[in-house]
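Notes follow the structure.
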Amino acid sequence: MQTNARWLHISDLHVFAEADTTFMLDDYKELAQVISPQFLIVTGDFRHKSRQTDFSLARRYLEAILDIFRIDKADVFLIPGNHDVNEYEGRSNSIIDICQHSENDDYDFYSHYPLNKGFSEYKNFVYEFYMDSNVRDSRARCPEEIMCVTWNDMLNIIMINTALVSDGKEHGEIVDINALSQCRIESDKPSIIIGHHSLESLYPCFEERIKGVIDRRKISAYLHGDGHRYSNKPISNISTPNITIPGIACAKSAPQSGDQFSDIGIVYYEWQSDDNVYVQAYRWSPQGFREDPAYYYNINKQFSFPMIYKKESKPDKANVLYRQIKNITESNNYDLFIAGNWVEDAEKIWESTYEEEIGRCLLLFYSIMVKNGVEDAKIRVKEILCILEAKEDKDRKTQNMIESTKSLLCT
């Protein structure tokens with residue numbers, strides 16, 4: 001089955017400089033032979049306050065993971081957790097005041113306080129992380145705020161900060177519900193929300209309002225961390241009885257010596273062409289990663305959830321790009337075709353859809369490269385050939401190109 005998108009979810013790093021962390025990074029290299037995520041989400045707690053660690057260890061850990069899976073920083077989505085907050089004068093009194101009002105369902109009272117001041121250190125970390133990338137959107141400018149970033153023109157990722165009043169004490173959490181309700185998303189694409197805390201960790205008045213947003217905005221899933229254990233709690237749809245979306249928690253994704261409480265591992269998601277997202281947990285131990293049945297219906301059936309969006313409005317990037325390439329070839333503009341300005345976009349579409357027409361365009365391009373003496377192009381030609389040959393009910397044009405390309409390789 002073809003895949004629309006693949007992503008890796010990690011959380012609660014609390015990174016320490018210890019041997020187990022190094023071993024786990026080595027095991028990520030083995031895992032990279034099994035999974036191939038296109039983007040990464042990290043749901044908070046990069047540092048560990050009680051150990052007085054800063055963000056530098058987490059940054060190195062993240063960059064090592066990106067190198068292993070060959071993920072660009074433009075495809076990374078970070079949100080803060082309770083350990084990522086810094087103190088400032090008056091914060092404690094502000095939190096007491098906000099919590100008292102939140103207990104009485106006065107959800108709007110938080111707007112009287114500058115809670116974003118609690119994330120100045122986190123902002124510096126995120127800014128430095130993205131500094132050597134081409135990320136210039138809200139992720140780099142104001143990472144503590146609520147935002148929606150559309151990944152690859154395919155998926156809305158709504159990022160929320162649930163740690164605004166986190167202070168290590170036993171009380172509910174809040175979110176900037178006003179900003180969330182005004183967050184602009186592209187309704188013709190599916191959406192997920194990522195946060196640090198579970199919805200059950202919020203004050204009830206905030207939990208209900210987030211559920212309202214989930215309902216109105218047709219959110220497909222809520223992904224979070226905080227609990228250090230795998231869990232999947234359904235979130236009810238307010239307007240439609242008996243309809244739920246998953247609230248999926250990731251385990252702790254970096255080890256800590258002596259930790260007997262946490263599940264250690266990651267979650268991997270594949271959005272396939274049937275418009276379901278298939279979820280696989282990978283638990284880690286000093287012996288490496290292994291598939292974990294944490295999100296199985298039973299031992300033989302992997303958990304999945306449907307992507308919710310206006311399918312009739314789904315943009316067909318493959319058709320648009322194919323028409324553009326076809327116009328170039330039909331105008332006999334050889335130089336423009338061989339310049340290959342379209343190849344990067346075509347490769348991305350091919351990787352996620354294996355559209356036959358895009359495959360033919362790429363096959364023609366790399367075949368010309370072979371004729372021009374580019375030896376490495378033969379490898380790509382063979383890879384594309386293999387996929388096209390495996391397709392059932394191939395177009396006659398595709399079959400003819402397969403045969404002619406095979407002849408080329410034999411010469």
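Values below: all heavy atoms of this structure, side chains included; hydrogens, waters and symmetry mates excluded.
In this structure a side-chain-to-backbone donor-acceptor pair under 3.5 Å is missing from Asn156 to Thr150. Proximity of a side-chain donor or acceptor of Ser220 to a complementary backbone N or O of Ile308 within less than 3.5 Å is detected. The main-chain N or O of Arg139 is found under 3.5 Å from a side-chain atom of Asp137 such that the two form a donor-acceptor pair. The main-chain N or O of Met307 is never found under 3.5 Å from a side-chain atom of Asp275 such that the two would form a donor-acceptor pair. Under a 3.5 Å cut-off, the side chain of Tyr130 and the backbone N or O of Val76 do form a donor-acceptor pair. A donor-acceptor pair is defined here as one N or O able to donate and one able to accept, closer than 3.5 Å; no such pair exists between the side chain of Arg209 and the backbone of Tyr107. Between the Ser133 side chain and the Ala74 main chain, no donor and acceptor come within less than 3.5 Å of each other. Ser262 places no side-chain N or O within 3.5 Å of a backbone atom of Ile264 that could act as its donor or acceptor partner. Without hydrogens or angle criteria, Asn82 side chain to Ser166 main chain gives no donor-acceptor distance under 3.5 Å.
There is a side-chain donor-acceptor pair under 3.5 Å between Ser201 and Ser198. Checking Thr43 against His9 by side-chain atom types alone, a donor-acceptor pair falls below 3.5 Å. A donor-acceptor pair shorter than 3.5 Å cannot be found between the side chains of Glu145 and Ser138.
The nearest pair of heavy atoms linking Asp345 to Leu321 is C-CD2, 3.8 Å. Residues Ile194 and Tyr222 share a closest heavy-atom pair of C-CE1, 4.2 Å. Residue Cys205 comes nearest to Ser102 through the heavy atom pair SG-O, 3.6 Å, listed as atom of the first residue, atom of the second, then distance. The nearest pair of heavy atoms linking Ala249 to Val267 is O-CG2, 4.5 Å. Considering all non-hydrogen atoms of both residues, Ser191 and Ile158 come closest at CB-CD1, 4.3 Å. Annotation for Pro80 and Ala163: closest pair O-CB, 4.4 Å, computed over non-hydrogen atoms.
Proximity of the aromatic rings of Trp342 and Phe337 is defined here by a centroid distance below 6.0 angstrom, and this criterion is met.
For the atom pair Thr405 OG1 and Leu385 CG, the distance stands at 5.5 Å (nearest 0.5 Å). Remark: Thr244 OG1 to Ile214 CD1 distance equals 11.0 Å, nearest 0.5 Å. Between the CG atom of Leu62 and the CG atom of Leu13 there is a distance of 6.0 Å, given to the nearest 0.5 Å. If you take CG on Leu66 and CD1 on Ile68, they are separated by 9.5 Å, rounding to the nearest 0.5 Å. For the atom pair CZ (Phe69) and CD (Gln38), the distance works out to 13.0 Å, reported to the nearest 0.5 Å. In this structure, Ile193 CD1 and Arg217 CZ are separated by 10.0 Å, a value rounded to the nearest 0.5 Å.
Side-chain contact between Ile79 and Ile160 is absent, with no heavy-atom pair separated by less than 4.5 Å. Counting only heavy atoms from C-beta outward, the side chains of Ser92 and Glu87 approach each other to under 4.5 Å. No side-chain heavy atom of Phe305 sits under 4.5 Å from any side-chain heavy atom of Asn276. Side-chain contact between Val213 and Asp215 is absent, with no heavy atoms from C-beta onward closer than 4.5 Å. Contact check for Lys391 versus Tyr354: side-chain heavy atoms found under the 4.5 Å cut-off. When side chains are defined from C-beta on, Ile379 does not count as touching Lys382, because their heavy atoms never get closer than 4.5 Å. Proximity of Phe46 to Leu57: side-chain heavy atoms (C-beta onward) are nowhere separated by under 4.5 Å. Looking only at side-chain heavy atoms (C-beta outward), Tyr28 and Phe289 come within less than 4.5 Å of each other.
Electrostatic pairing of Lys348 and Glu351 does not count as a salt bridge here, judged by no charged N lying under 4.0 Å from a carboxylate O. The existence of a salt bridge linking Lys252 and Asp12 is excluded, since no basic side-chain nitrogen approaches an acidic carboxylate oxygen closer than 4.0 Å. Under a 4.0 Å N-O distance rule, the pair Arg380/Glu383 qualifies as a salt bridge. Note on Lys406 versus Glu389: salt bridge recorded, some NZ/NE/NH1/NH2 to OD/OE distance being below 4.0 Å.
Checked options Tyr297, Tyr296, Tyr268, Tyr230; the residue passing with Phe303 is Tyr297 (criterion: ring pair (Phe, Tyr, Trp, His ring centres under 6.0 Å)).
Both cation-pi conditions hold for Lys73 and Phe129: the charged atom is under 6.0 angstrom from the six-membered ring centre and inside a 45 degree cone around its axis. Judged by the 6.0 Å distance and 45° axis criteria, Arg6 is not positioned over the aromatic ring of Tyr269.
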> Glu173 and Val165: side-chain contact (heavy atoms from CB on, under 4.5 Å), yes or no, with the steps?
Replying inline: CA-CA 6 Å; Glu173 304 291 346; Val165 296; 3.9 Å; yes
>> Please determine whether side-chain contact (heavy atoms from CB on, under 4.5 Å) holds for the pair Tyr334 and Ile368, giving the CA-CA distance in whole Å, both sets of side-chain angles, and the decisive distance to 0.1 Å.
In response: CA-CA 11 Å; Tyr334 176 83; Ile368 294 173; 3.4 Å; yes
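Every residue two or more places apart in sequence or in another chain was checked for a side-chain hydrogen bond (donor to acceptor under 3.5 Å, both in side chains) with Asp67, and none qualifies.
Classified by interplanar angle (parallel below 30°, tilted 30° to 60°, perpendicular above 60°), the ring pair Phe206/Tyr203 is tilted.
Atom OH of Tyr88 sits in a crowded spot, with more than 12 heavy atoms from other residues, nucleotides or ligands closer than 6.0 Å. Within 6.0 Å of atom CZ in Arg216, 12 or fewer heavy atoms from other residues, nucleotides or ligands are found, so the atom counts as exposed in its surroundings. Heavy atoms of other residues, nucleotides or ligands lying less than 6.0 angstrom from CD of Glu403 number more than 12.
Sorted by first and then second residue, the ring pair (Phe, Tyr, Trp, His ring centres under 6.0 Å) pairs with a member in residues 139-197 read Phe39-Trp151; sequence neighbours excluded. Residue pairs meeting the salt bridge (charged side-chain N to carboxylate O under 4.0 Å, His left out) criterion with at least one member in residues 222-235, sequence neighbours excluded, are Arg229-Asp263.
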Considering only distance and modelled atom types, tabulate donor-acceptor pairs under 3.5 Å from the side chains of residues 115-124, sequence neighbours left out.
from	atom 1	to	atom 2	distance (Å)
Asn116	ND2	Glu144	OE2	3.4
Ser120	OG	Asn86	OD1	3.3
Ser120	OG	Asn86	ND2	3.3
Glu121	OE1	Arg47	NH1	2.7
Glu121	OE1	Arg47	NH2	3.3
Asn124	ND2	Ser120	O	3.4

Between side-chain atoms of residues 178-185 and protein atoms elsewhere (two or more places apart, or another chain), which donor-acceptor pairs fall under 3.5 Å?
from	atom 1	to	atom 2	distance (Å)
Asn178	ND2	Asp108	OD1	2.7
Asn178	ND2	Tyr110	OH	3.2
Ser181	OG	Ile177	O	3.3
Ser181	OG	Asn178	O	2.8

For residues 356-364, tabulate all N or O donor-acceptor pairs below 3.5 Å that involve a side-chain atom, not counting sequence neighbours.
from	atom 1	to	atom 2	distance (Å)
Glu356	OE2	Asp395	N	2.6
Glu356	OE2	Thr398	OG1	2.6
Arg360	NH1	Thr398	OG1	2.9
Arg360	NH2	Tyr322	OH	3.3

